[in-house]
Colleague: 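Next up is a structure, given as structure tokens.
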Amino acid sequence: MSAAESKRKGLERRLRARPKLKYLLFGGRRKSSRRDNDKRAFIYVDQYSPSLMALIAVLMILSLVDGIFTLHLIARGAAETNPVMAFLLDIGPWPFMAAKFVMSCLAILVFLVFHNFYFSLLGIQVKTLIAFFIAVFALVISWHVILLFSV
């Protein structure tokens with residue numbers, strides 16, 4: 001037995017399907033997949049690129065702007081078509097915004113953790129969906145602006 005083999009304890013680290021909790025909490029060194037054939041495999045990363053974090057920040061800001069515009073339009077006589085959000089609006093504006101923020105954060109957290117996941121059925125990665133949802137929110141906010149000037 002060599003010196004390197006005698007230093008090893010426990011299972012082979014590469015056999016783990018998911019990272020240890022300490023890497024999720026305190027970070028690690030993995031930024032992306034290293035091999036071309038891993039690009040379509042789901043790989044957890046420890047560090048996220050600044051461009052991905054910028055997309056996540058834009059998505060969060062757009063979600064909050066959507067909520068603010070919704071409250072403003074409701075005050076001017078519009079109606080909320082989402083029954084869950086309409087129920088929260090009946091309770092008050094703060095529960096509405098709090099729920100919108102929490103639901104957006106949870107969805108964005110899922111997008112962030114699974115951004116490398118490849119949908120073979122659609123032929124895209126989750127990070128492509130992040131850009132898609134930014135475009136959707138931009139359209140929704142544009143619609144809010146149109147409604148503001150028409151009401």
Colleague: Which atom pairs, one a donor and one an acceptor, fall under 3.5 Å between side chains of residues 50-57 and the rest of the protein, sequence neighbours left out?
Modeller:
| unit_1 | atom_1 | unit_2 | atom_2 | d |
| --- | --- | --- | --- | --- |
| S51 | OG | S49 | OG | 3.2 |

Colleague: Filter on salt bridge (charged side-chain N to carboxylate O under 4.0 Å, His left out), then keep only pairs touching residues 92-102, sequence neighbours left out; what's left?
Modeller: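 Sorted result for residues 92-102: D66-K100.
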
Colleague: Heavy-atom distance under 4.5 Å between the side chains of L148 and R76, does that happen here?
Modeller: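 Heavy-atom side-chain distance check passes, below 4.5 Å.
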
Colleague: Under a 4.5 Å cut-off applied to non-hydrogen side-chain atoms, are L89 and L71 in contact?
Modeller: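 Yes; the side chains approach each other to less than 4.5 Å.
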
Colleague: Could you list all the salt bridge (charged side-chain N to carboxylate O under 4.0 Å, His left out) pairs where at least one residue sits in residues 114-124, not counting sequence neighbours?
Modeller: none

Colleague: How would you list all residue pairs meeting salt bridge (charged side-chain N to carboxylate O under 4.0 Å, His left out) that involve residues 88-97, not counting sequence neighbours?
Modeller: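 As it turns out, there is no salt bridge (charged side-chain N to carboxylate O under 4.0 Å, His left out) pair with a partner in residues 88-97 once direct neighbours are skipped.
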
Colleague: Could you note down all residue pairs passing ring pair (Phe, Tyr, Trp, His ring centres under 6.0 Å) where residues 49-100 supplies at least one of them, sequence neighbours left out?
Modeller: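 Matches after skipping sequence neighbours: F69-H144.
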
Colleague: Within the side chain of S150, is there an N or O that forms a donor-acceptor pair under 3.5 Å with the backbone of I146?
Modeller: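 Side chain of S150 to backbone of I146: a pair is present.
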
Colleague: Do F149 and L139 sit in the same hydrophobic cluster, where Ile, Leu, Val, Met, Phe, Trp and Tyr count as joined when their side-chain heavy atoms come under 4.5 Å apart?
Modeller: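 Not linked; separate clusters.
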
Colleague: Could you walk me through whether F133 and L62 pass side-chain contact (heavy atoms from CB on, under 4.5 Å), step by step?
Modeller: CA-CA 10 Å; F133 284 114; L62 289 175; over 6 Å; no

Colleague: Which residue pairs pass the side chain to side chain donor-acceptor pair (under 3.5 Å) test when at least one of the two sits in residues 132-143, sequence neighbours left out?
Modeller: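 Counting only pairs at least two positions apart or across chains, no side chain to side chain donor-acceptor pair (under 3.5 Å) contact touches residues 132-143.
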
Colleague: When hydrophobic residues are tied together by side-chain contacts of less than 4.5 Å, even through go-betweens, does I74 share a cluster with I91?
Modeller: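 Shared cluster, yes.
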
Colleague: Please tell me whether V145 and V58 are part of a single hydrophobic cluster in this structure, the criterion being side-chain heavy atoms less than 4.5 Å apart.
Modeller: yes

Colleague: Quick one: CG on L147 to CG on L73, what's the gap to the nearest 0.5 Å?
Modeller: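 L147 atom CG to L73 atom CG measures 5.5 Å (nearest 0.5 Å).
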
Colleague: Between P95 and L88, what is the shortest heavy-atom contact and its length?
Modeller: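 Heavy atoms only, the tightest pair is CB-O, 4.3 Å.
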
Colleague: For the CD1 atom of I61 and the CD1 atom of I134, what is their distance to the nearest 0.5 Å?
Modeller: 10.0 Å

Colleague: Is it true that L121 and F132 fall in one hydrophobic cluster, defined by side-chain heavy atoms closer than 4.5 Å?
Modeller: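 No, because L121 and F132 fall into different hydrophobic clusters, even though each may have its own neighbours under 4.5 Å.
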
Colleague: For side-chain contact (heavy atoms from CB on, under 4.5 Å), just list the numbers for M97 and I68, CA-CA rounded to whole Å, side-chain angles, deciding distance to a tenth of an Å, and then say yes or no.
Modeller: CA-CA 8 Å; M97 284 303 286; I68 291 167; 4.1 Å; yes

